**Q** 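Before we start, here is the structure in question, set down as structure tokens.
This structure is a prediction, so every number in the text was calculated from the model and none was measured.
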Amino acid sequence: MSTRQLVYSAVLLPFLALTAYVLATAGLLGFYVEMLRSTSTVLAGVDLTISLCLVLLWMRGDSRATRTPFAPYVAITLALGVAGPLLYLIHREARALRSAPRVASARAA
């Protein structure tokens with residue numbers, strides 16, 4: 001596992017734990033009720049939505065360039081937010097590591 005994958009995992013795992021805790025204590029409906037409770041949290045939700053849409057646009061272009069699957073990470077992003085892009089980056093890095101030895105051996109030949 002690369003350093004990048006470890007960093008992405010170090011962010012992803014606590015986020016997933018927090019997500020599980022929030023859903024277990026408030027429930028999905030309760031989460032949205034709380035998000036809509038004040039204008040500040042509505043602003044944070046809109047900001048997050050815009051940011052994740054920009055990330056999805058980047059992921060779409062990057063997935064084409066790197067031949068990394070895109071659709072599963074869209075679904076994860078829509079369901080769990082930033083977990084989708086983090087998992088995409090972990091997968092992307094794993095694919096790059098798997099293909100790196102082949103590129104080096106092809107150059108040597």
Side-chain angles (χ1 to χ4, degrees):
M1 186 174 263
S2 74
T3 302
R4 286 182 183 175
Q5 286 175 300
L6 290 173
V7 170
Y8 301 146
S9 298
V11 174
L12 176 64
L13 295 176
F15 174 76
L16 289 176
L18 178 60
T19 300
Y21 173 75
V22 169
L23 292 177
T25 57
L28 186 59
L29 183 59
F31 168 77
Y32 286 108
V33 167
E34 289 298 319
M35 281 294 293
L36 297 172
R37 189 172 299 270
S38 77
T39 55
S40 298
T41 54
V42 169
L43 174 63
V46 169
D47 188 310
L48 177 64
T49 301
I50 292 168
S51 299
L52 286 174
C53 286
L54 293 171
V55 169
L56 285 171
L57 286 174
W58 170 82
M59 278 175 39
R60 184 182 64 180
D62 186 74
S63 69
R64 289 178 180 162
T66 61
R67 296 182 166 196
T68 305
F70 175 63
Y73 300 103
V74 173
I76 295 167
T77 301
L78 294 175
L80 297 174
V82 75
L86 287 168
L87 286 167
Y88 174 84
L89 290 170
I90 291 168
H91 183 193
R92 178 183 185 262
E93 186 69 18
R95 287 176 61 99
L97 288 172
R98 282 193 305 265
S99 67
R102 283 187 251 144
V103 171
S105 63
R107 287 183 186 162

**Q** Spell out, as yes or no, whether a donor-acceptor pair under 3.5 Å connects the side chain of T68 to the backbone of S63.
**A** no
**Q** Knowing that exactly one of I50, T49, L48 qualifies, which makes a side chain to side chain contact (heavy atoms under 4.5 Å, CB included) with V46?
**A**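 In the set I50, T49, L48, the residue that makes a side chain to side chain contact (heavy atoms under 4.5 Å, CB included) with V46 is I50.
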**Q** Below 4.5 Å, heavy atoms only, C-beta onward: do D62 and Y88 meet side chain to side chain?
**A**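 Result yes, sub-4.5 Å side-chain heavy-atom pair found.
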**Q** Would a hydrophobic clustering, with Ile, Leu, Val, Met, Phe, Trp and Tyr connected at side-chain separations under 4.5 Å, put W58 with L78?
**A** yes
**Q** Working to the nearest 0.5 Å, report the span between CD1 of I90 and CZ of R4.
**A** 13.0 Å
**Q** Between CZ of R98 and CD of E93, what distance do you get to the nearest 0.5 Å?
**A**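 R98 CZ to E93 CD: 11.0 Å, rounded to 0.5 Å.
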**Q** Within a 6.0 Å radius of atom CG on L29, are there more than 12 heavy atoms belonging to other residues, nucleotides or ligands?
**A**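 No, because the 6.0 Å sphere around CG of L29 holds 12 heavy atoms or fewer from other groups.
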**Q** Are Y8 and L16 linked, directly or through other ILVMFWY residues, by side chains that come within less than 4.5 angstrom of each other?
**A** yes
**Q** Would one find more than 12 heavy atoms of other residues, nucleotides or ligands at under 6.0 Å from atom OH of Y32?
**A** no
**Q** Any side-chain heavy atom of L36 within less than 4.5 Å of one from V42?
**A** yes
**Q** Is the backbone N or O of R67 less than 3.5 Å from a side-chain atom of R95, with the two atoms forming a donor-acceptor pair by type?
**A**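 Yes, the answer is positive, given that a donor and an acceptor are paired below the 3.5 Å cut-off.
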**Q** Is there a path of hydrophobic side-chain contacts, each under 4.5 Å between heavy atoms of I/L/V/M/F/W/Y residues, joining V33 to L23?
**A** no
**Q** Is there a path from L56 to V11 through hydrophobic residues (I, L, V, M, F, W, Y) whose side chains come within less than 4.5 Å of each other?
**A** yes
**Q** Would V22 and V82 show up in the same hydrophobic cluster when neighbours are defined by side-chain heavy atoms closer than 4.5 Å?
**A**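 No, separate clusters.
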**Q** First locate atom OH of Y73, then atom OG1 of T77, and finally report the distance between them rounded to the nearest 0.5 Å.
**A**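 Y73 atom OH to T77 atom OG1 measures 10.0 Å (nearest 0.5 Å).
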**Q** Going from CD on Q5 to CG on L97, what distance comes out if it is rounded to the nearest 0.5 angstrom?
**A** 5.5 Å
**Q** Do you know which two heavy atoms are closest between L52 and P85, and how far apart they sit?
**A**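 Nearest pair, atom of L52 first, then P85: CD2-CG, 4.2 Å.
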**Q** Give the minimum heavy-atom separation between S9 and P14, together with the two atoms involved.
**A**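 Scanning both residues completely, I find the closest heavy atoms to be O-CD, 4.1 Å.
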